[in-house]
Amino acid sequence: MRKGLSTALIACMIILLAGCSASRRRKSTKVSAVTADSSIGAIISNVGNYNISGKGFVIKRGRIELEGTEFDGSFGFTARLNSKGDMVAAVKGPLGIELLRLIAVGNDIAAIDRISRIVYVGKKDAVMKKNGLPDNFMEVIFGDLPDEDFLNYRMTEQGELILEISDKDFENEITVCPDESKVCREQIKSPGTGREITLDFSYFRSNGDVKYASEIVMKENKKMLLVKLTIDDFISVYDEEIEFSLPSYKRGTL
């Protein structure tokens, strides 16, 4: 695998796997003081009931598409997330040949470049900090509503619910579509760096007592990066152990 493609895939997959730690912190979605309005509280509670990460899941078949990189293209994608928040995901090329595997267990994370036979290892919190991302970045990568105290909320003319979260480094704006009972957009802004990431969720499907977005599109303004994840075959509830097992390849650092 040429270095440019490997780097692009690793960067995108780290972004996807960054959401794993959030499921450890997530409890039942709570309603803050600013959502004392009973109708707003009911919407938030209903959306929280459809969260999927806390129960674990398997993406048996999916696609990840890249735009804005040196090696744009479409690749096969599979993933397993258990109820503890540990995850393993793989990117596959033509004929189902695995190009890259990422494993995140606890705070350990590794990217396995199968073609170049290199394993890139690191600590998840350090990798996030290195890339200027908040600890809970992509907490709703699979359409879950985070367990947060919302600073403010408003309803749009289109009937969407906008929830705001903010700290000293980041400003998050989460859009909930009440008719779907799911998060349908999130914007994450870093005023200090000017970086902005937008996530759009669409084509929702139900699976048992959970609901998920079968299409997730991420756009990043600084590098003009676009990542599109399509989920074709999804199974809810997965609770098997995921081992942090690495091959004896050359080592690198994330």
Side-chain angles (χ1 to χ4, degrees), residues 11-37 39-41 43-48 50-54 67-68 85 107 123-178 180-202 213 215-229:
C12 294
M13 293 294 288
I14 286 174
I15 287 173
L16 292 173
L17 285 173
C20 301
S21 61
S23 64
R24 292 188 184 84
R25 300 191 303 273
R26 185 176 294 120
K27 303 172 185 177
S28 59
T29 302
K30 60 187 176 183
V31 181
S32 64
V34 299
T35 56
D37 184 312
S39 61
I40 301 299
I43 292 173
I44 291 176
S45 295
N46 193 38
V47 174
Y50 280 119
N51 282 354
I52 65 175
S53 297
E67 291 184 17
N107 195 38
K123 296 297 182 181
K124 194 186 303 179
D125 54 0
V127 171
M128 299 303 291
K129 183 177 181 180
K130 178 181 177 181
N131 287 278
L133 301 173
D135 290 340
N136 66 341
F137 177 61
M138 300 296 285
E139 189 167 19
V140 295
I141 180 60
F142 293 110
D144 282 3
L145 187 68
D147 179 19
E148 297 282 355
D149 283 320
F150 304 111
L151 299 178
N152 199 2
Y153 72 94
R154 67 182 187 276
M155 296 295 296
T156 69
E157 293 182 357
Q158 294 74 31
E160 297 174 338
L161 173 61
I162 308 297
L163 300 169
E164 297 178 1
I165 305 172
S166 180
D167 59 27
K168 63 183 180 65
D169 297 314
F170 299 96
E171 299 174 356
N172 291 34
E173 184 178 275
I174 299 172
T175 301
V176 171
C177 292
E180 294 286 359
S181 296
K182 291 295 295 185
V183 171
C184 47
R185 167 173 282 206
E186 180 168 4
Q187 291 178 295
I188 302 174
K189 298 180 181 180
S190 173
T193 64
R195 186 175 189 179
E196 181 175 337
I197 295 170
T198 302
L199 296 152
D200 286 294
F201 307 91
S202 57
E215 183 175 292
I216 302 167
V217 177
M218 186 202 76
K219 297 178 182 178
E220 196 274 344
N221 69 323
K222 282 285 188 177
K223 297 181 180 180
M224 302 298 291
L225 174 68
L226 185 147
V227 181
K228 178 180 177 182
L229 176 64

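Computed from a predicted structure; not experimentally measured.
- Results of the side chain to side chain donor-acceptor pair (under 3.5 Å) test with R185 over T175, D200, T198 single out D200 as the only residue that passes.
- The shortest non-hydrogen separation linking C184 to V176 is SG-C, 4.0 Å.
- Looking at heavy atoms from C-beta onward, L229 lies out of side-chain contact with M218 at the 4.5 angstrom threshold.
- Summarising the geometry, atom CD belonging to E220 is positioned 6.5 Å from atom CG belonging to L225; distances are rounded to the nearest 0.5 Å.
- One distance of note links CG of N152 with CD of E173; it measures 10.0 Å at 0.5 Å rounding.
- Here the side chain of D144 pairs a donor or acceptor atom with the backbone of I52 at under 3.5 angstrom.
- Closest non-hydrogen pair, E186 versus F201, comes out as N-CE1, 4.4 Å.
- Looking at heavy atoms from C-beta onward, I44 lies in side-chain contact with L161 at the 4.5 angstrom threshold.
- With Q187 as the fixed residue, the side-chain contact (heavy atoms from CB on, under 4.5 Å) test singles out one of K219, E171, E196: E196.
- Here the CG-CG distance, from L145 to N51, works out to 6.0 Å after rounding to the nearest 0.5 Å.
- Summarising the geometry, atom CG belonging to N172 is positioned 5.5 Å from atom CD1 belonging to I165; distances are rounded to the nearest 0.5 Å.
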